Trainee: 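Take this structure, written in structure tokens, and hold onto it; I'll ask about it next.
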Amino acid sequence: MRYFVKINEKDNVAIAVRDLAADTEILPGLVLRQDIPQAHKIALRDIPEGGEIVRYGVVLGYALSDIPAGSWINEKMLRLPPPPALDDMPYGTNIRTDLPKAPRKTWMGYKTPGGYAGTRNILGIQTTVQCVQGVLDAAVERIRKELLPRYPNVDDVVAINHAYGCGVAINAPEAKIPIRALQNLCQHPNFGGQLMVVALGCEKLTADMLVGPENNTPENVVVLQEHKGFEAGVSAIMAMADKKLAALDKRLRQELPLSDLLIGMQCGGSDAFSGVTANPAAGYAADLLVSEGATVLFSEVTEVRDGVHFIASRCRDAYTRDRLAAEMNWYDSYLSEASVDRSANPTPGNKKGGLSNIVEKAMGSIAKSGSAPIEEVLSPAQRPTKHGMIFAATPASDIVCGPCQLASGIGLQVFMTGRGTPYGLAAAPVIKVCSRNELAEQWPDLIDLCAGPIATGDKTIKQVGEELFSLILDVASGVKKPWAEKHGLHNFLCIFNPAPIT
Ligand code: CA
């Protein structure tokens with residue numbers, strides 16, 4: 001039985017594979033000085049006060065006091081190092097050309113005009129403003145019951161409800177982010193190019209701004225203030241939905257190359273195993289997808305910030321490196337304006353799961369980007385123009401990263417978790433990968449794939465990565481449904497708005 005996992009030969013700490021008792025001899029001559037909780041760090045050598053604490057071959061921090069070998073190292077015992085400098089980061093020094101070959105070359109998707117293919121066939125009803133949600137939700141309930149059964153090729157009807165649209169400083173420079181997010185959500189590949197908008201009539205985010213004046217027509221937009229009361233509003237929405245559903249019902253899946261597939265990766269509720277098991281397995285699956293031309297987004301700026309130099313080394317050119325630095329700089333300023341920094345990221349659960357600080361969390365988080373070259377860097381909610389591995393800047397918050405990546409057009413999200421979260425999206429399926437066996441046992445009807453056997457030595461990263469690759473294509477093709485989709489677990493779409501609310 002394995003006691004601990006050490007990642008890099010330079011590491012002077014390792015993490016406990018399970019709860020370990022004091023006095024256990026984990027290596028010849030190395031005896032634990034105290035109980036060590038699962039996933040927490042063990043000092044493998046004596047570390048003097050001020051000495052480096054090294055995991056992933058990277059300095060996580062400096063010891064605040066002497067730490068004898070065999071001690072438990074928790075988040076209170078180390079000082080955070082400064083973040084890596086963003087000026088003149090070397091680029092192009094780690095461009096991999098020998099990615100592992102994908103065992104499958106095609107999938108079954110819905111071809112969508114002018115973009116990536118859909119993984120589901122959904123009527124997405126957009127909203128300009130939160131005010132319409134009550135009426136729209138009532139209409140959607142009736143659409144599901146009365147109309148949807150008549151259109152067997154349509155999977156679902158989803159209201160794109162959000163908190164933006166009015167009471168906001170819509171001309172503030174950073175308002176471009178939420179506006180772009182909502183504009184791009186209208187174009188999501190799963191909605192098949194069928195525009196449908198419910199507006200109020202007096203909001204700041206007008207239908208013109210949302211879908212463009214050319215699309216702001218009675219065929220695409222219901223304005224509630226133009227209808228005579230609740231029943232009339234609901235009837236107008238249903239009449240439009242009926243037409244859009246009839247058009248969507250003609251969509252059929254077809255065999256497509258992986259280059260028509262766009263997916264996103266994110267992690268949430270991470271623990272110290274996330275960077276050893278689930279995220280590296282996701283990274284391997286990403287490498288397989290990219291090897292056949294698929295596009296994979298990874299995000300979460302504060303969880304890349306401390307590993308940004310590793311990502312820069314994978315950028316093909318100075319422009320991409322500069323875009324990466326610009327997104328990091330923007331976020332540094334965004335945080336500093338509110339008198340915080342990246343150290344505001346880790347949660348109490350992350351720390352309970354053995355993650356001492358943001359450096360340790362970031363090293364685990366970037367593992368999900370695999371090893372392919374970085375082809376492009378996107379601002380929040382932008383759509384990719386290139387194929388391959390792409391950094392799409394978003395907040396790390398699960399419920400904000402999700403809508404940003406949806407706006408970028410992901411047909412599916414792969415979500416790695418260590419502590420466990422039932423997170424889901426209504427407009428695209430979410431595959432849940434857990435980092436340790438105990439969570440898979442605790443949540444058998446929420447976790448889709450367990451990467452825990454990598455920590456115990458029962459499976460390799462390659463094996464779990466190949467399983468995940470296959471699961472991604474099965475879910476994208478509609479052959480399998482992940483648990484969150486089966487249960488209908490959907491989080492509210494929290495649109496990233498760094499601009500003021502009025
Ligand atoms: Ca997250």
Side-chain angles (χ1 to χ4, degrees), residues 112-115 122-137 139-140 157-227 233 236-237 240-241 243-244 330 334 378-385 392-395 399-410 425-427 492-502:
T112 309
I122 293 173
L123 173 59
I125 307 180
Q126 317 295 323
T127 59
T128 51
V129 68
Q130 225 272 332
C131 311
V132 303
Q133 179 171 351
V135 176
L136 176 55
D137 284 350
V140 166
V157 181
V158 171
I160 305 299
N161 291 313
H162 58 85
Y164 198 70
C166 209
V168 292
I170 205 145
N171 295 319
E174 300 306 345
K176 65 176 184 275
I177 294 176
I179 295 170
R180 176 170 64 218
L182 292 169
Q183 287 170 336
N184 284 345
L185 274 169
C186 299
Q187 311 293 335
H188 193 279
N190 285 357
F191 304 153
Q194 291 300 316
L195 277 179
M196 176 165 171
V197 178
V198 177
L200 181 61
C202 58
E203 61 275 45
K204 284 188 167 175
L205 181 70
T206 61
D208 266 1
M209 289 170 76
L210 187 64
V211 293
E214 69 284 8
N215 293 312
N216 183 9
T217 62
E219 287 73 42
N220 296 328
V221 182
V222 175
V223 182
L224 291 186
Q225 287 172 353
E226 292 173 3
H227 292 274
I237 294 169
M240 187 180 289
K243 290 186 187 130
K244 303 289 178 182
W330 183 92
Y334 170 68
L378 304 177
S379 293
Q382 275 183 336
R383 289 155 70 87
T385 66
T394 74
I399 57 162
V400 183
C401 172
C404 277
Q405 287 196 351
L406 269 183
S408 296
I410 58 160
L425 295 166
F492 183 77
L493 289 181
C494 189
I495 301 296
F496 183 36
N497 176 24
I501 290 176
T502 60

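Because the structure is a prediction, the values reported are computed rather than measured. Values below: all heavy atoms of this structure, side chains included; hydrogens, waters and symmetry mates excluded.
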Trainee: Verify, without hydrogens or angle tests, whether Thr502 (side chain) and Gly167 (backbone) share a donor-acceptor contact under 3.5 angstrom.
Mentor: yes
Trainee: Do you know the tightest heavy-atom contact between Leu224 and Gly233?
Mentor: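 The answer is CD2-CA, 4.2 Å.
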Trainee: In the structure I gave you, are the side-chain heavy atoms of Pro395 and Tyr334 within less than 4.5 Å of one another anywhere?
Mentor: no
Trainee: Do you know the tightest heavy-atom contact between Val211 and Cys186?
Mentor: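 Taking every non-hydrogen atom into account, CG1-SG, 3.9 Å.
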Trainee: Is there a donor-acceptor contact under 3.5 Å from the side chain of Gln133 to the main chain of Gln130?
Mentor: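 No, the answer is negative, given that no donor and acceptor are paired below the 3.5 Å cut-off.
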Trainee: Over all heavy atoms of both residues, which pair between Pro213 and Asp208 is shortest? Give the atoms and the distance, please.
Mentor: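 The answer is CA-OD1, 3.4 Å.
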Trainee: Output all residues satisfying side chain to side chain contact (heavy atoms under 4.5 Å, CB included) with Glu219, sequence neighbours left out; order by chain, then residue number.
Mentor: Thr217
Trainee: So, taking the atom named CD in Glu203 and the one named OH in Tyr164, what distance separates them when rounded to the nearest 0.5 Å?
Mentor: 12.5 Å
Trainee: Heavy atoms, side chains only, cut-off 4.5 Å: are Arg180 and Pro380 in contact?
Mentor: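 Counting from C-beta outward, Arg180 and Pro380 do come under 4.5 Å.
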Trainee: What are the two closest non-hydrogen atoms of Pro498 and Ile177, and how far apart are they?
Mentor: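 The pair with the smallest heavy-atom distance is CG-CD1, 3.7 Å.
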Trainee: With sequence neighbours excluded, tell me which residues meet side chain to side chain contact (heavy atoms under 4.5 Å, CB included) with Thr127.
Mentor: Val132, Leu136, Asn161, His162
Trainee: Do Leu210 and Val221 come close enough that some side-chain heavy atom pair is under 4.5 Å?
Mentor: no
Trainee: Between Asn190 and Ile122, is there a donor-acceptor pair closer than 3.5 Å when you use the side chain of the first and the backbone of the second?
Mentor: no
Trainee: Does Gln405 reach the main-chain N or O of Pro403 with its side chain, forming a donor-acceptor pair under 3.5 Å?
Mentor: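 Flag not set: sc Gln405 to bb Pro403 has no pair under 3.5 Å.
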Trainee: Given Leu205 and Val129, is the side-chain contact (heavy atoms from CB on, under 4.5 Å) satisfied, shown in steps?
Mentor: CA-CA 7 Å; Leu205 181 70; Val129 68; over 6 Å; no
Trainee: Check for a donor-acceptor pair, side chain of Asn184 on one end and backbone N or O of Ala381 on the other, with a separation under 3.5 Å.
Mentor: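 Yes, Asn184 side chain to Ala381 backbone: donor-acceptor pair under 3.5 Å.
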Trainee: Can you check whether Gln225 reaches Cys202 side chain to side chain, under 4.5 Å on heavy atoms?
Mentor: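 In contact.
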Trainee: Taking atom SG of Cys404 and atom CG of Leu493, what is their separation to the nearest 0.5 Å?
Mentor: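 It is 10.5 Å, given to the nearest 0.5 Å.
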Trainee: Is there a side-chain contact (heavy atoms from CB on, under 4.5 Å) between Gln126 and Leu182 once you walk through the steps?
Mentor: CA-CA 8 Å; Gln126 317 295 323; Leu182 292 169; over 6 Å; no
Trainee: Please tabulate, one pair per line, all N/O donor-acceptor pairs under 3.5 Å involving side-chain atoms of residues 191-200, not counting sequence neighbours.
Mentor:
none

Trainee: Which heavy-atom pair separates Pro189 from Thr112 by the least distance, and what is that distance?
Mentor: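 Closest heavy-atom pair between Pro189 and Thr112: O-OG1, 3.3 Å.
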Trainee: Just so I know, are the side chains of Met209 and Ile170 near enough to count as touching, which here means a heavy-atom distance under 4.5 Å?
Mentor: yes
Trainee: With the side chain counted from C-beta on, respond yes when Asn220 and Lys244 share a heavy-atom pair under 4.5 Å apart, and no when they do not.
Mentor: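 They are in contact (side-chain heavy atoms under 4.5 Å apart), so the answer is yes.
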Trainee: Applying side-chain contact (heavy atoms from CB on, under 4.5 Å), run through Asn216 and Thr206 and close with a yes or a no.
Mentor: CA-CA 9 Å; Asn216 183 9; Thr206 61; over 6 Å; no
Trainee: With heavy-atom distances below 4.5 Å as the criterion, would you say the side chains of Val400 and Thr394 are in contact?
Mentor: no
Trainee: When rounded to the nearest 0.5 angstrom, what is the spacing between OG in Ser408 and CG in Leu185?
Mentor: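 Answer for the OG-CG pair, Ser408 versus Leu185, is 9.0 Å.
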